Amino acid sequence: MPQNPDPILQLSAVQYSWIGSGGFGITVPDFSLAPAESVLLLGESGSGKSTLLSLICGIVTPRLGSVHIAGTQLDALSAGQRDRFRAEHIGLIFQQFNLLPYAGVLDNIALPLAFAPQRKRRAAPVQDTALKLCTELGLPAGVTQAKAGNLSVGQQQRVAVARALIGMPPLIVADEPTSALDASSQEAFLNLLFTQTKAMGSALLMVSHDARLGDRFDRVIQMSDIAQTTREAA
Ligand SMILES: Nc1ncnc2c1ncn2[C@@H]1O[C@H](COP(=O)(O)OP(=O)(O)OP(=O)(O)O)[C@@H](O)[C@H]1O
C-alpha cells in the first residue's frame with residue numbers, strides 16, 4: 001500500500017523509559033500508519049509492544065519526540081485532553097476484552113461514547129447503531145439483553161469489537177485480542193475485525209506474538225524493525 005502523505009498515526013524520534021525497577025526504555029525513530037491501513041505488529045514477550053501502545057494511545061507521553069494521531073500532537077495535550085482525544089479517535093480492543101460484567105451488552109458497546117461527543121453524534125441513534133453492530137457481528141438478538149459477564153468468550157469478543165468500532169474511530173488498536181482463542185475462533189475473529197474496519201475505513205494496528213496471522217494484513221512489522229530497547233543495569 002502506498003504511504004499516505006497524511007498518516008493517521010505518526011511517531012517521530014520517540015524516546016520513553018519507565019521509571020523504577022528495570023528502567024526499560026524504548027526508542028522509535030519513525031513509525032507511521034496510513035488511513036485504512038492494517039498492520040500486524042509482532043514481538044517477543046517483553047519487547048515493549050504494550051509500552052508502544054501506551055505511547056500511541058497517550059496513556060504515557062514520550063520524554064523526547066512526538067506522537068501525532070489524525071494530525072494532532074498527542075503529547076502536547078494535557079492528560080484530560082488526551083483521555084478525551086483517545087475516546088474520540090481510537091477504538092481499543094484489549095486481550096481480556098475489559099467489558100463491564102454487570103452492565104448490559106448495549107451499555108458496554110456505548111461506553112466509549114460517554115467521553116466522545118463527536119463519536120457519539122456519528123453513532124446516533126446509539127441504541128440502534130449498537131444493535132446493528134451486534135447483528136453484523138453475529139450476536140443473536142437475545143444476547144443483546146444479557147449482562148456482559150454472562151456471555152461466552154466468543155460473544156464477549158464480538159461485544160469488544162462492537163465497542164471499538166461504534167462511532168467509526170479512524171484508528172483501531174487491538175492488543176493481542178486472539179491470544180486466548182483456538183485457530184478457528186481466531187479466523188472468525190479476524191474475519192469480523194477486517195470486514196468491519198474495511199467497511200468503516202478505519203486503520204487497524206494489531207499486536208500479537210503469532211506470525212501466522214500475518215497474511216491478512218497490509219503490512220507485518222517486527223518490534224525490532226521499528227524500535228530499539230534498553231534496560232538500565234540494576
Ligand atoms: N507500568 C509499567 N511500569 C514500569 N515498567 C513497565 C511498565 N509496563 C511495562 N514495563 C516495563 O517494560 C518492559 C516491556 O514490557 P511490555 O509490556 O511493553 O512488553 P510486551 O512486548 O508488551 O510484553 P508481553 O508480550 O509479555 O505483553 C517490561 O519488561 C517492564 O520492565
Side-chain angles (χ1 to χ4, degrees), residues 8-33 37-69 74-75 77-83 85-87 89-99 153 156-157 160-161 163-164 171-183 185-187 189-190 193 203-234:
I8 192 68
L9 168 70
Q10 173 77 55
L11 278 77
S12 306
V14 163
Q15 283 182 30
Y16 179 77
S17 335
W18 290 109
I19 295 167
S21 60
F24 178 87
I26 186 168
T27 303
V28 184
D30 179 24
F31 175 55
S32 63
L33 233 75
E37 187 181 23
S38 63
V39 169
L40 180 66
L41 183 61
L42 298 169
E44 302 292 309
S45 182
S47 61
K49 302 182 297 297
S50 300
T51 304
L52 179 65
L53 292 190
S54 296
L55 283 160
I56 289 171
C57 294
I59 293 162
V60 298
T61 50
R63 190 169 58 83
L64 292 172
S66 63
V67 178
H68 283 83
I69 292 183
L74 212 52
D75 46 281
L77 304 179
S78 68
Q81 288 171 326
R82 289 200 306 278
D83 288 345
F85 186 88
R86 182 187 319 123
H89 292 86
I90 305 179
L92 283 166
I93 305 171
F94 302 94
Q95 194 168 359
Q96 305 299 337
F97 309 132
N98 292 15
L99 301 180
V153 173
Q156 289 186 32
Q157 225 177 61
V161 173
R163 186 180 56 182
L171 176 62
I172 306 293
V173 171
D175 190 1
E176 308 208 28
T178 61
S179 58
L181 308 176
D182 61 37
S185 308
Q186 281 186 357
E187 180 70 18
F189 177 83
L190 288 178
L193 195 56
L204 171 64
L205 178 63
M206 185 170 133
V207 159
S208 179
H209 290 107
D210 189 352
R212 288 170 303 180
L213 306 176
D215 291 351
R216 317 269 314 246
F217 289 78
D218 296 327
R219 257 194 307 155
V220 179
I221 291 172
Q222 296 285 343
M223 272 302 283
S224 55
D225 295 337
I226 60 160
Q228 291 99 47
T229 58
T230 53
R231 198 175 282 280
E232 277 168 22

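The chain is numbered in sequence order, starting from 1. This one's a predicted model, so the numbers in the text were calculated from it and none came from an experiment. Just so you know, ligand 1 is whichever comes first in the structure, and atom 1 is the first atom listed for that ligand.
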Query - salt_bridge(Arg216, Glu187) N-O dist < 4.0 Å - result: yes
Report summary line: Note: ligand 1 atoms sitting under 4.0 Å from heavy atoms of Lys49 are 18 (O), 19 (O), 20 (P), 21 (O), 22 (O), 23 (O), 24 (P), 25 (O)
**Report entry** Main-chain N/O of Val207 paired with Lys49 side-chain donor or acceptor, under 3.5 Å
**Finding:** no
Query raised in the report: Where does the angle between the aromatic ring planes of Trp18 and Tyr16 fall among parallel (under 30°), tilted (30 to 60°) and perpendicular (over 60°)?
Result: perpendicular
Query raised in the report: Out of curiosity, is Gly46 lining ligand 1, as in a heavy atom under 4.0 Å away?
Result: yes
Report summary line: Heavy-atom nearest pair, Ser32 first then Gln10, reads CB-OE1, 3.4 Å
Query - Candidate with minimal heavy-atom separation from atom 19 (O) of ligand 1, of Gly48, Ser17, Gly43 - result: Gly48
Query raised in the report: So which of Thr61, Leu64, Val28, Asp30 actually passes side chain to side chain contact (heavy atoms under 4.5 Å, CB included) with Val14?
Result: Val28
Report summary line: Within 4.0 Å of some non-hydrogen atom of Glu176, the atoms of ligand 1 are 25 (O)
Query raised in the report: For ligand 1, which atoms, with element, lie under 4.0 Å from some heavy atom of Ser50?
Result: 17 (O), 18 (O), 20 (P), 22 (O), 27 (O)
Query raised in the report: Does an N or O anywhere in Ile19 fall below 3.5 Å from an N or O of ligand 1?
Result: no
Report task. Say whether, by atom type as modelled, one donor and one acceptor occur between the side chain of Asp75 and the main chain of Val67 under 3.5 angstrom. Result -> yes
Query raised in the report: Would you call Met223 a ligand 1 contact, heavy-atom distance under 4.0 Å?
Result: no
Report task. Determine whether more than 12 heavy atoms belonging to other residues, nucleotides or ligands lie under 6.0 Å from atom CD of Gln222. Result -> yes
Query - Atoms in ligand 1 flagged as close to His209, the criterion being non-hydrogen separation under 4.0 Å - result: 25 (O)
Query raised in the report: For ligand 1, which atoms, with element, lie under 4.0 Å from some heavy atom of Glu44?
Result: 21 (O)
Report summary line: Ser47 heavy atoms within 4.0 Å reach ligand 1 at atoms 19 (O), 21 (O)
